[in-house]
Amino acid sequence: MAFKNVLKSVVLICLAVFSLNVSFANEGEKHKKEELNIQHHIMDAHEWHLWGETSVYLPVILLDGGLQTFSSKELYHGTVIKAEGHHAEEEIEYIANTEIGYAIFHEKIYKLNANGELNFHDGHPTNAKPLDFSITKNTLSLFFGSTIILLLMFSTAKFYKKNGAVAPKGLAKFIEPLIVFVRDDIAKANIHNGKHHKYTPYLLTIFFFIFINNLLGLVPILPGGANLTGNISFTIVLASFTLLITLFSANKNYWKHIFATPGVPIALLPIMIPIEIVGIFAKPFALLVRLFANMTAGHIIILSLISIIFVNQNAAWGFLSVPMGLFISVLELLVAFLQAYLFTLLSSLFISAAVEEAHH
Amino acid sequence: MDLVTPNLGLMFWTGLIFVLLLFILTKFIWKPILSVVNTREKSISDSLELAEKTMLEMKSLQAQNENLLKEARAERDAIVRDANAIATKMVEDSKNVAKLEADKIIISAREAINNEKVAALAELKTQIAEFSLQIAEKVVRGELSSDEKQKALSEKLAADFKLN
């Protein structure tokens, strides 16, 4: 039975990796004569590229003296304008749509000037940037991920509602150990004196939010493949939540350790206080960098390995790049869980430090 | 540089979605599931405790049963032993009584026989004496029935005396 399951997962992973290969092959054709732009693939976009010239165009929502909404198709199918870059020989391309008055350059939307152009200084546009609340590729992936979480969790909860306190079966059998794992080994193990009850829902949410979105990022076709959890905006928000929860649940003891660290001579406090204050922010900063760097690195490695084929312009390189890509993909499955676990574990440790009672 | 520049839009959506998820999951998922899991864990630990307790109770009951059985057995043995003893004693007693009775009967029988014997002997003696007297009378009468005979007797007696 176990062997059958392993075989099934191997086949699934192979399929996933091969489809990644295919989707990149089309992408590769598009950029054949250009440099293989991996960075483009791990960045956010206003379209969801499927294959060849086929993309899903996503809605653009701008706050620019009022709400502006239109399809990103209007931007991507605008006029391609060439401009002079940082150096005279460097050429910059951007797409402008004079009808709606916006241009897109490196996936950022700018307001066109009176001539319907962008002004460049040192290779960067100096035009105004409207506030961009577009449903980008990452935002859509975020919706998909959240929908999956809600579906998973509601069907799990339905099982318990229907069957009561019985041994879990089916989906509940898969989800419950994870919930119990977060509750016992993360929340209960780090936050003492029964205070973990208050924080378990947050830790559970953050664990599944990161875990499911990490996994979704590994799926190479439409609902997945966006580098959401490797996007710094995403990790900044999650780390900020941990920071806010830490600060708002911090007790007297925590602040005492920062502003009057016990056992430290008063003369040293002018040095210690700034260090401790930096420490408050350094902890969540480490969280956001860790998740961002790990997930982005994973995507870059897989894309790089698959790119070997296109860099060499020879399908035979697939015999090298596909097994290696497969290996890294499997490793990324582990990393997807590990990073979700680490983020949750460290969050629980920070919260634990904030709510700990003095025991000196 | 673009890679590490946060994007306000995505931050907004992430924050919004996360807060919504946190709210929905906490209210509708985590609390009910955790309460069910807690209930189940409690019932499992309670059941285990109960089982342990029941086992101990069973053990003590078994020990009690064993004791009862042992006592009953001991009692039975005692009763049987007593009964045996009583029976033996009764037999013994009745034997003794019978023997005594028999002895008594024998003794009295002996006495009676003796008495009868003595009486019979006494009577026999009397009878014999009577018979002897009668015989002697008859003999004397016969001896003394005629003169010659008287004479002959006296002679004979005289002869006996002479001899002496």
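Throughout, a chain's letter reflects where its sequence line sits, starting with A, and its residues are numbered from 1.
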Answer yes or no: does atom [atom1] of [X] have more than 12 heavy-atom neighbours from other residues, nucleotides or ligands under 6.0 Å?
X: A:Phe285; atom1: CZ; value: no
X: B:Glu66; atom1: CD; value: no
X: A:Phe143; atom1: CZ; value: yes

Given side chains that start at C-beta, do those of A:Leu142 and B:Phe18 come closer than 4.5 Å, heavy atoms only?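 The answer is no, as the side chains (C-beta and beyond) never meet within the 4.5 Å cut-off.
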Flag side-chain contact, heavy atom, 4.5 Å: B:Leu8 against A:Leu131: yes
Does any backbone or side-chain atom of [X] lie under 4.5 Å from a heavy atom of chain B? Answer side chain, backbone, both or neither.
X: A:Thr296; answer: side chain
X: A:Ala167; answer: backbone
X: A:Thr235; answer: neither
X: A:Ile206; answer: both
X: A:Asn231; answer: side chain
X: A:Glu176; answer: side chain
X: A:Leu238; answer: side chain
X: A:Phe154; answer: both
X: A:Ser134; answer: backbone

Apply side-chain contact (heavy atoms from CB on, under 4.5 Å) to the pair B:Arg40 and A:Val166, showing each step before the final yes or no. CA-CA 7 Å; B:Arg40 196 180 59 216; A:Val166 296; 5.6 Å; no
Out of [options], which one racks up the most heavy-atom pairs below 4.5 Å with chain B?
options: A:Glu107, A:Lys161, A:Met153; answer: A:Met153
options: A:Phe208, A:Phe241, A:Tyr202; answer: A:Phe241
options: A:Gly164, A:Pro168, A:Ser240; answer: A:Pro168
options: A:Lys108, A:Arg183, A:His106; answer: A:Arg183

Let me see the working for A:Ile179 and B:Val37 under side-chain contact (heavy atoms from CB on, under 4.5 Å), right down to the final yes or no. CA-CA 10 Å; A:Ile179 294 177; B:Val37 169; 5.9 Å; no
Can you tell me how far apart [atom1] ([X]) and [atom2] ([Y]) are? Round to the nearest 0.5 Å.
X: A:Met43; Y: B:Thr5; atom1: CE; atom2: OG1; value: 7.0 Å
X: B:Leu3; Y: A:Ile42; atom1: CG; atom2: CD1; value: 4.5 Å
X: A:Phe159; Y: B:Ile33; atom1: CZ; atom2: CD1; value: 10.5 Å
X: A:Thr147; Y: B:Ile17; atom1: OG1; atom2: CD1; value: 8.0 Å
X: B:Asn7; Y: A:Asn138; atom1: CG; atom2: CG; value: 9.0 Å

Audit row: A:Phe209, B:Leu22, side-chain contact (heavy atoms from CB on, under 4.5 Å) steps and yes/no: CA-CA 9 Å; A:Phe209 194 52; B:Leu22 182 61; over 6 Å; no
Can you tell me if B:Trp13 uses its side chain to pair, donor with acceptor, with the backbone of A:Phe133 under 3.5 Å? yes
Among B:Leu20, B:Leu21, B:Thr39, B:Thr26, which has the most heavy-atom pairs under 4.5 Å with chain A? B:Leu21
What one should report as the nearest heavy-atom pair of B:Phe28 and A:Ala157 is O-CB, 4.2 Å
Step by step, work out the side-chain contact (heavy atoms from CB on, under 4.5 Å) result for B:Leu25 and A:Leu204. CA-CA 9 Å; B:Leu25 290 179; A:Leu204 278 168; over 6 Å; no
Atom group of B:Ile24 that falls short of 4.5 Å from chain A, counting heavy atoms: side chain
